[in-house]
Amino acid sequence: MPELPEVETTRRGIEPHVVGRTVTAVTIRDRRLRWPISDDLEQRLQGARVLSTRRRAKYLLIDFQNGSLLVHLGMSGSLRLSSKNEEPRKHDHVDIVLESGLLLRYHDPRRFGSMHWLDDTSHVLLDHLGPEPLSADFSADYLYRTSRKRSSPVKHIIMDAKVVVGVGNIYANEALFIAGIRPDRAANNISKVRYELLVETIKQVLVTAIEVGGTTLRDFVGGDGKAGYFAQSLQVYGRAGELCKRCEGRELREIRQSNRSTVFCPNCQR
DNA sequence: ATGACAACCTGTGGGC
DNA sequence: TGCCCACAGGTTGTCA
């Protein structure tokens, strides 16, 4: 489910309600996430006070004095604020209760997400990640250089977390459409000028999506429980067979790349 | 090193 | 209404 904008939306939603708060109780109903939740997580969290929240790639970090909680939402996860007397629903796997009476509730039907305790801020999952897409490190210069030795499709490159983090299937489709680049074009067959446009487009799409609270497809909600509105702005994702909004002449075509759905306009994207 | 692909798991929607 | 299959926002690990 969540790509970078959804994770950032979650972080911004919970931050004002968790920073400075102390954990008074932890309930774990199902430890079987992508990796089993370690046996000592409750003990680590108990009594700890939240210092700050951060995001790295699609990971959410909640920092305490004694370490950090590393959360990934996988495909179907959400982390939201809830009140103590709200009954847990199916797939509500973890509750982190704060002394304010609010609690952080982790919900994840498919259990592709994860939760790790970090004694310091390093973790193998965070090693070898590429630059943040919204940072200056992710530049046209960088992407152009990186792409020179890659003959795989450009969509594959921008979704490769070693190249740049946080660009998932929805926003990869959207950015390539806006930049007018065919998703199946070989990465090393795209000019510097077009990469300049692509990098700016990726940044713009992500920033815009964050501003409107992410993309709610089925039931994504941010930390504050509100749906995101970027779905209204989607140009190609989920619109295969419909008319292109730019040229209004051609139907959007769908292909599969690495078993992921790709939608593009054969007329506008070259 | 790169790339193709299976695996992890549940829910949903379409076709029959 | 029900059954079966394909597919869904992600990432890792394996094998060629």
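Residue numbers begin at 1 in each chain, while the letters A, B, ... track the order of the sequences.
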*Please report the C-alpha distance between A/Asp63 and A/Ser52 in whole Å, then the side-chain angles of each, then the deciding distance to 0.1 Å, and finally whether the side chain to side chain donor-acceptor pair (under 3.5 Å) criterion is met.*
CA-CA 5 Å; A/Asp63 301 314; A/Ser52 56; 2.9 Å; yes
*asked:* Under 4.0 Å, heavy atoms only, any strand: does A/Tyr171 hit a base, just the sugar-phosphate, or nothing?
replied: nothing
_Can you check the distance between C/dC3 and B/dC9, where both ends of the measurement are the P atom (answer in whole Å)?_
24 Å
*Check whether any side-chain N or O of A/Arg260 sits under 4.0 Å from OP1 or OP2 of C/dG9, and answer yes or no.*
yes
_Looking at A/Asn169, I'd like to know whether one of its side-chain N or O atoms comes within less than 4.0 Å of OP1 or OP2 on C/dG9._
yes
*Whole Å only: how far is the CG atom of A/Leu234 from the P atom of C/dA8?*
14 Å
*asked:* Looking only at the aromatic ring of each residue, does the gap between the centers of A/Tyr237 and A/Tyr171 stay below 6.0 angstrom?
replied: no
*Euclidean distance, atom CD1 of residue A/Ile170 to atom C1' of C/dG9 [Å, nearest integer]*: 5 Å
*Counting any heavy atom closer than 4.0 Å, what does A/Phe230 reach on the DNA or RNA strands: base, sugar-phosphate only, or nothing?*
nothing
*Any idea how A/Tyr106 and A/His93 line up, ring-wise: parallel (<30°), tilted (30 to 60°), or perpendicular (>60°)?*
tilted
*Under 4.0 Å between a side-chain N or O of A/Arg111 and OP1 or OP2 of B/dT10?*
yes
*Anything under 30° is parallel, anything over 60° is perpendicular, the rest tilted; go ahead and classify A/Tyr144 against A/Tyr195.*
perpendicular
*Nearest heavy-atom neighbours spanning A/Glu174 and A/Gln235*: OE1-N, 2.5 Å
*Rounded to whole angstrom units, what separation is found between the CZ atom of A/Arg32 and the C1' atom of B/dC8?*
12 Å
*Using 30° and 60° as the class limits, which term best fits the ring planes of A/Phe64 and A/Trp117: parallel, tilted or perpendicular?*
tilted
*asked:* At 4.0 Å (heavy atoms only), tell me whether A/Ser258 reaches a base, stays on the sugar-phosphate, or touches nothing.
replied: nothing
*Is the shortest side-chain N/O distance from A/Arg256 to OP1 or OP2 of C/dA8 below 4.0 Å?*
yes
_Rounded distance in Å - CD1 (A/Ile157) to C1' (B/dT2)_ = 10 Å
*asked:* With no hydrogens and no angle check, just 3.5 Å: does a side-chain donor-acceptor pair link A/Thr10 and A/Glu6?
replied: no
*Under 4.0 Å between any heavy atoms, over every strand shown, what does A/Ser261 touch: base, sugar-phosphate, or nothing? Just pick one.*
sugar-phosphate
*What integer distance in Å separates A/Ile158:CD1 from C/dG10:C1'?*
15 Å
_Assigned partner base of B/dC9, Watson-Crick or wobble definition, under 3.5 Å_ = none
*Look at A/Ser152 and B/dG3 and indicate whether a side-chain polar atom (N or O) is within less than 4.0 Å of OP1 or OP2.*
yes
*Does A/Tyr237 have a side-chain nitrogen or oxygen under 4.0 Å from the phosphate oxygens OP1 or OP2 of C/dG9?*
yes
_At less than 4.0 Å, is any side-chain N or O atom of A/Lys90 found next to OP1 or OP2 of B/dT10? Yes or no._
no
*Side-chain N or O of A/Lys58 less than 4.0 angstrom from OP1 or OP2 on C/dT11?*
yes
*Quick one: A/Leu4 CG to C/dG10 C1', roughly how many Å, whole number?*
13 Å
*Is a donor-acceptor pair below 3.5 Å formed from side chain A/Arg150 to base B/dT2, judging by atom type as modelled?*
no
*asked:* For the base of B/dC8 and the side-chain ring of A/Phe112, does the geometry meet a stacking cutoff of under 5.5 Å between centres and under 30° between planes?
replied: yes
*Figure out the CG/P separation between A/Asp160 and B/dC5, and round it to whole Å.*
17 Å
*Which nucleotide, B/dG3, C/dT12, C/dA8, lies nearest any side-chain atom of A/Leu125?*
C/dT12
*Sugar-phosphate only, base, or nothing, as touched by A/Lys162 at under 4.0 Å among non-hydrogen atoms*: nothing
*For A/Trp35 and C/dT12, give me the distance from atom CH2 to atom C1', rounded to whole Å.*
6 Å
_Any A/His91 side-chain nitrogen or oxygen under 4.0 Å from OP1 or OP2 of B/dT10_ = no
